[in-house]
Student: 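For reference, the structure I am asking about is given below.
Values below: all heavy atoms of this structure, side chains included; hydrogens, waters and symmetry mates excluded. Nothing here was measured: the structure is a model prediction, and the numbers come from that model. Whatever order the structure lists ligands and atoms in, that order sets their numbers, starting from 1.
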Amino acid sequence: MNLVRYGLIGFGAWGKHHADAITKAHNAELIGIAAHSQATASDASQAYPDAFVTTDYHALLARDDLDVIDVVVPSYLHHEVATAVLQSGKHLLLEKPMGIDLDQCDSMIASAEKHDRLLCVGHELRLSSMWGKVKEMIEDGFIGTPQYCLVELSRNPYRQGAGGWRYDINRVGNWILEEPIHFFDLARWYLESAGIPQSVYATANSRDPERPELQDNFSAIMHFAGDAYAVVSQTLSAFEHHQTAKVTGSKGALWASWSGAMDRTRHPTFKLRAFDGNEVVDVPIEKPTGELFELEDQIVRVAEAIQTGRPLHCTAQDGRWSVAMCLAASASVASGAKEMIDQG
Ligand SMILES: NC(=O)C1=CN([C@@H]2O[C@H](COP(=O)(O)OP(=O)(O)OC[C@H]3O[C@@H](n4cnc5c(N)ncnc54)[C@H](OP(=O)(O)O)[C@@H]3O)[C@@H](O)[C@H]2O)C=CC1
Ligand SMILES: O=C1CO[C@H](CO)[C@@H](O)[C@@H]1O
């Protein structure tokens, strides 16, 4: 089978890891990279001397030797760049958040349909050997009917991003879209049998009075159609990177935890403990888990979707839903009231 030909737009902190993951993938090759500044373009040329490198992403999109474009630019540019990708007739892997508002998400969904192209959103945790095992055990009925889920992260502060975009509310959207978005996606996935999440109540605060709109501590309760609910909680005022998911059901419980010196470590510690109502066991997780590993699997998975039609792990609709959840949570922080989630 032919290798899937990737183009990459964005060669920043996370884009560099995408480039590395594409070159490692058994079913893909990296053909070209679009950066923004000349300095970043030079870094890309040095790292990948055989790749076409440009500072104009339209020049990359004009090439006819690309199957899919991987977009890893600051979040406020997702809509503009993704729309150009779809109009160029290429498939799209788009980093989360899909967009910073729902009009952007809806317009990208319509564009992907119009041009009949795949649109995958980068919620890579779904591919994790451990977070994915939790889903598998829930589906196998290990905990009975799932009723409650907590996803919690305690970590060090966010990086600035090129030109400081991540600390500018107009360019980042809000900080819920940055990382809690992964946990809303996970919680909805785990409690899928509970139906569609309906509403959210959230609260947050900032540790820096100079930027009250960017909130370091965030907690939300999301209610499903029945009585199931999920709690998502995150602090950016802590140290290292420590994430937990606890899911309980009518019969048992699952407790997964991951720790690393930082989010991007290749040497994390992780553990999954399971209780079936009778005994507690440690569930072996053979394959390492962490965002670098999941990113590699995501590149392979998107290539497989193009090569064989294998379903994507995270669709455009999933991406839209996660954005809707974050926007409702942000509205709840502002209003102090429970907010309904836009169902599209
Ligand atoms: N799924 C996940 O786990 C993660 C997702 N992300 C997401 O990935 C995206 C990028 O984040 P991150 O890498 O940390 O951000 P960075 O700021 O480190 O990198 C963004 C890059 O985009 C480049 N860029 C800006 N405009 C253009 C353009 N018009 N054409 C080409 N390149 C452009 C910048 O170029 P230059 O340097 O030249 O200015 C910069 O290098 C964000 O949406 C973020 O939310 C990030 C981390 C993890
Ligand atoms: O998973 C992630 C790790 O942290 C980044 C911020 O520093 C987020 O952008 C990202 O989604």
Side-chain angles (χ1 to χ4, degrees), residues 7-21 32-45 47 53-61 69-85 93-100 104 120-128 131 151 153-168 171-186 214 216 234 236 240-241 243 258 260 262-265 289-299 302 313-314 318-319 322-323 326:
L8 172 67
I9 304 180
F11 195 71
W14 191 229
K16 289 186 173 73
H17 289 293
H18 276 251
D20 183 48
I33 302 172
H36 183 227
S37 63
Q38 196 51 59
T40 310
S42 301
D43 289 350
S45 296
V53 175
T54 175
T55 51
D56 174 8
Y57 74 80
H58 296 285
L60 182 71
L61 298 184
I69 306 291
D70 185 4
V71 174
V72 199
V73 296
S75 305
Y76 71 101
L77 293 171
H78 285 190
H79 176 249
E80 172 202 310
V81 177
T83 302
V85 169
L93 167 57
L94 175 61
E95 259 306 342
K96 53 51 59 182
M98 184 181 180
I100 59 174
Q104 293 187 349
C120 178
V121 181
H123 286 293
E124 76 280 352
L125 266 65
R126 289 180 176 218
L127 295 171
S128 152
W131 310 119
V151 187
L153 172 69
S154 173
R155 65 164 284 178
N156 52 20
Y158 287 149
R159 303 163 185 84
Q160 284 285 334
W165 70 269
R166 204 176 259 109
Y167 280 68
D168 174 359
R171 289 184 286 167
V172 73
N174 64 54
W175 274 4
I176 308 168
L177 289 162
E178 263 311 278
E179 197 149 30
I181 194 168
H182 288 297
F183 311 140
F184 281 129
D185 177 65
L186 216 51
L214 298 171
D216 305 79
Q234 169 170 315
L236 298 167
E240 302 162 353
H241 197 99
Q243 186 186 332
W258 187 100
M262 62 183 296
D263 45 6
R264 268 151 227 185
T265 179
T289 174
E291 65 182 29
L292 292 177
F293 304 105
E294 277 86 88
L295 173 60
E296 289 166 12
D297 291 338
Q298 181 169 259
I299 296 294
V302 170
H313 58 292
C314 179
D318 293 319
S322 300
V323 171
C326 293

Student: Counting C-beta onward and ignoring hydrogens, is there a side-chain heavy-atom pair between Phe184 and Ile176 closer than 4.5 Å?
Tutor: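 Of all side-chain heavy-atom pairs linking Ile176 with Phe184, at least one is under 4.5 Å.
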Student: Checking a contact table here: which protein heavy atom is nearest atom 40 (C) of ligand 1, and how many Å away?
Tutor: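 Going by distance alone, atom 40 (C) of ligand 1 is nearest to Ala162 CB, 3.8 Å.
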Student: Report, in ascending order of atom number, the atoms of ligand 1 lying under 4.0 Å from any heavy atom of Ala34.
Tutor: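 Once the distances to Ala34 are compared, the set is 31 (C), 32 (N).
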Student: Which atoms from ligand 1 have a heavy atom of Glu178 less than 4.0 Å away?
Tutor: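 Answer, ordered by atom number: 45 (O).
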Student: With heavy-atom distances below 4.0 Å as the criterion, list the atoms of ligand 1 near Arg264.
Tutor: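 By the 4.0 Å cutoff, the relevant atoms are 47 (C), 48 (C).
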Student: Tell me, do His36 and Thr55 make a side-chain contact under 4.5 Å, heavy atoms counted?
Tutor: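 No. Closest side-chain heavy atoms not under 4.5 Å.
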Student: Among all protein non-hydrogen atoms, which one is nearest to atom 29 (N) of ligand 1, and what is the separation to 0.1 Å?
Tutor: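 Sorting protein heavy atoms by distance from atom 29 (N) of ligand 1 puts Tyr57 CD2, 3.8 Å first.
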Student: Which of the listed options, Gly173, Gly164, Pro74, holds the heavy atom that is closest to atom 22 (O) of ligand 1?
Tutor: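 Of the listed residues, Pro74 has the closest heavy atom.
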Student: Consider every N or O of Gly12 and every N or O of ligand 1, then say whether any pair is closer than 3.5 Å.
Tutor: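 N/O-N/O distance below 3.5 Å exists for this pair.
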Student: Which atoms from ligand 2 have a heavy atom of Lys96 less than 4.0 Å away?
Tutor: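 Going through ligand 2 atom by atom, the ones under 4.0 Å from Lys96 are 8 (C), 9 (O), 10 (C), 11 (O).
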Student: Rounded to the nearest 0.5 Å, what separates atom NE2 in His182 from atom CD in Gln243?
Tutor: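 Those atoms lie 9.0 Å apart.
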Student: In the protein, what heavy atom is nearest to atom 3 (O) of ligand 1, and what distance, to one decimal place, separates them?
Tutor: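 Of every protein heavy atom, Glu124 OE2, 2.8 Å lies nearest to atom 3 (O) of ligand 1.
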Student: Any sub-3.5 Å donor-acceptor pair from Trp175's side-chain atoms to Arg166's backbone N or O?
Tutor: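 Flag set: sc Trp175 to bb Arg166 pair under 3.5 Å.
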Student: Mark up the atoms of ligand 1 that fall under 4.0 Å of a heavy atom belonging to Phe11, in ascending order.
Tutor: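 Listed by number with element: 41 (O).
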Student: When only distance counts, is Val73 in polar contact with ligand 1, meaning an N/O pair under 3.5 Å?
Tutor: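 Yes, at least one N or O pair falls under 3.5 Å.
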Student: Could you list the atoms of ligand 2 found under 4.0 angstrom from a heavy atom of Glu291?
Tutor: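 Taking each heavy atom of Glu291 in turn, ligand 2 has 1 (O), 2 (C), 3 (C) under 4.0 Å.
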Student: Hey, is the main chain of Tyr158 close enough, under 3.5 Å, to the side chain of Tyr167 for a donor-acceptor pair?
Tutor: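 Side chain of Tyr167 to backbone of Tyr158, a donor-acceptor pair under 3.5 Å: yes, one is there.
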Student: Would you check whether His78 has a nitrogen or oxygen atom less than 3.5 angstrom from a nitrogen or oxygen atom of ligand 1?
Tutor: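 By distance alone, the answer is yes.
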Student: May I ask you to identify the nearest protein heavy atom to atom 39 (O) of ligand 1, giving residue, atom name and distance to one decimal place in Å?
Tutor: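 The protein heavy atom lying closest is His36 ND1, 3.6 Å.
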Student: Which protein heavy atom lies closest to atom 15 (O) of ligand 1, and at what distance to 0.1 Å?
Tutor: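 Nearest neighbour among protein heavy atoms for atom 15 (O) of ligand 1, to 0.1 Å: Trp165 NE1, 3.5 Å.
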Student: Please report the interatomic distance CG(Asp20) to CD(Glu296), rounded to the nearest 0.5 Å.
Tutor: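 Separation between the atoms: 6.5 Å.
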Student: Could you tell me which atoms of ligand 2, counted from 1 in the order shown, lie closer than 4.0 angstrom to a heavy atom of Asp263?
Tutor: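 Taking each heavy atom of Asp263 in turn, ligand 2 has 3 (C), 4 (O) under 4.0 Å.
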Student: How far is atom 8 (C) of ligand 2 from the closest protein heavy atom, and which atom is that?
Tutor: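 The answer is Glu178 OE1, 3.5 Å.
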Student: Any N or O on His182 sitting closer than 3.5 Å to an N or O of ligand 2?
Tutor: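 Yes, His182 has an N/O under 3.5 Å of an N/O on ligand 2.
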Student: Contact between Glu95 and Ser75 at the side-chain level, heavy atoms closer than 4.5 Å - yes or no?
Tutor: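 They are not in side-chain contact.
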Student: Could you identify the single nearest non-hydrogen protein atom to atom 13 (O) of ligand 1 and state the distance to 0.1 Å?
Tutor: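 Atom 13 (O) of ligand 1 sits closest to the protein heavy atom Trp14 N, 2.9 Å.
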Student: Less than 4.5 Å apart, side chain to side chain, heavy atoms only: is that true for Leu153 and Glu179?
Tutor: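 Yes, their side chains come closer than 4.5 Å.
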Student: Give me the nearest non-hydrogen protein atom to atom 26 (N) of ligand 1 as residue plus atom name, then the distance to 0.1 Å.
Tutor: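 For atom 26 (N) of ligand 1, the nearest protein heavy atom comes out as Leu77 CD1, 3.4 Å.
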Student: Measuring from non-hydrogen atoms of His182 to any atom of ligand 1, is the shortest distance under 4.0 Å?
Tutor: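 The answer is yes, since His182 has a heavy atom less than 4.0 Å from ligand 1.
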Student: For the backbone of Gly163 and the side chain of Arg171, can you confirm whether one donor and one acceptor N or O come within less than 3.5 Å of each other?
Tutor: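 Flag set: sc Arg171 to bb Gly163 pair under 3.5 Å.
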Student: Show which atoms of ligand 1 fall inside a sub-4.0 Å distance from at least one heavy-atom site of Thr40.
Tutor: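 Atoms satisfying the 4.0 Å criterion: 36 (P), 37 (O), 38 (O).
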Student: Are any of the side-chain heavy atoms of Gln234 and Leu236 separated by less than 4.5 Å?
Tutor: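 Gln234 vs Leu236: side chains touch.
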Student: For Arg166, state whether at least one heavy atom is located under 4.0 Å from any atom of ligand 1.
Tutor: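 Heavy atoms of Arg166 do come under 4.0 Å of ligand 1.
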Student: Any side-chain heavy atom of Asp70 within less than 4.5 Å of one from Val302?
Tutor: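 No; the side chains remain at least 4.5 Å from each other.
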Student: Any sub-3.5 Å donor-acceptor pair from Ser128's side-chain atoms to Glu124's backbone N or O?
Tutor: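 No, because the side chain of Ser128 does not come within donor-acceptor range (under 3.5 Å) of the backbone of Glu124.
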Student: Sub-3.5 Å donor-acceptor pair from the side chain of Trp258 to the main-chain atoms of Thr289, do we have one?
Tutor: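 Yes; judged by distance alone, with no hydrogens or angles, the pair exists.
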Student: Please identify which atoms of ligand 2 are closer than 4.0 Å to at least one heavy atom of Glu179.
Tutor: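 What qualifies from ligand 2 is 1 (O), 2 (C), 3 (C), 4 (O).
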Student: State whether the shortest distance between N or O atoms of Arg155 and N or O atoms of ligand 2 falls below 3.5 angstrom.
Tutor: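 Yes; the residue has a nitrogen or oxygen that sits under 3.5 Å from a nitrogen or oxygen of the ligand.
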Student: Please work out which of Gln160, Glu95, His123, Lys96 has its closest non-hydrogen atom nearest to atom 44 (C) of ligand 1.
Tutor: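 Nearest heavy atom to atom 44 (C) of ligand 1 lies in Lys96.
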Student: Going by the order shown, which atoms of ligand 1 are within less than 4.0 Å of some heavy atom of Gly161?
Tutor: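 Under 4.0 Å from Gly161, ligand 1 has these atoms: 17 (O).
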Student: If you count the atoms of ligand 1 from 1 in the order shown, which ones are under 4.0 Å from a heavy atom of Ile9?
Tutor: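 Answer for ligand 1: 30 (N), 31 (C).
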Student: For Asp185, is there an ion pair with Lys96 - N to carboxylate O distance below 4.0 angstrom?
Tutor: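 No, no charged N to carboxylate O under 4.0 Å.
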Student: Which ligand 1 atoms does Glu291 reach within 4.0 Å, using its non-hydrogen atoms?
Tutor: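 So the answer, numbered in order with elements, is 3 (O).
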Student: Could you identify the single nearest non-hydrogen protein atom to atom 7 (O) of ligand 2 and state the distance to 0.1 Å?
Tutor: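 Heavy-atom neighbour on the protein nearest atom 7 (O) of ligand 2: Arg159 NH1, 2.9 Å.
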Student: At the 4.0 Å heavy-atom cut-off, does Glu179 count as touching ligand 1?
Tutor: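 It does not; every heavy atom stays at 4.0 Å or beyond.
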Student: Checking the N or O distance criterion of under 3.5 Å, is ligand 1 in contact with Ala13?
Tutor: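 Ala13 vs ligand 1: N/O contact under 3.5 Å present.
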Student: A side-chain contact here means heavy atoms from C-beta on lying under 4.5 Å apart; do Leu61 and Ile69 qualify?
Tutor: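 With C-beta onward as the side chain, the pair touches.
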Student: What class does the angle between the rings of Trp14 and His18 fall in, given that below 30° is parallel, 30 to 60° is tilted and above 60° is perpendicular?
Tutor: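 Judged by the thresholds at 30° and 60°, the geometry between Trp14 and His18 is perpendicular.
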Student: Of all heavy-atom pairs between Leu177 and Ile181, which one has the smallest distance, and what is that distance?
Tutor: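 So the two residues come closest at O-CG2, 3.2 Å.
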Student: Find the distance between CE (Met98) and NE2 (His78) and round it off to the nearest 0.5 Å.
Tutor: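 Taking CE in Met98 and NE2 in His78, the distance rounds to 11.0 Å.
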Student: Does ligand 1 have a heavy atom under 4.0 Å from the side chain of Ala35, from its backbone, from both, or from neither?
Tutor: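 Contact part for Ala35 vs ligand 1: backbone (N, CA, C, O).
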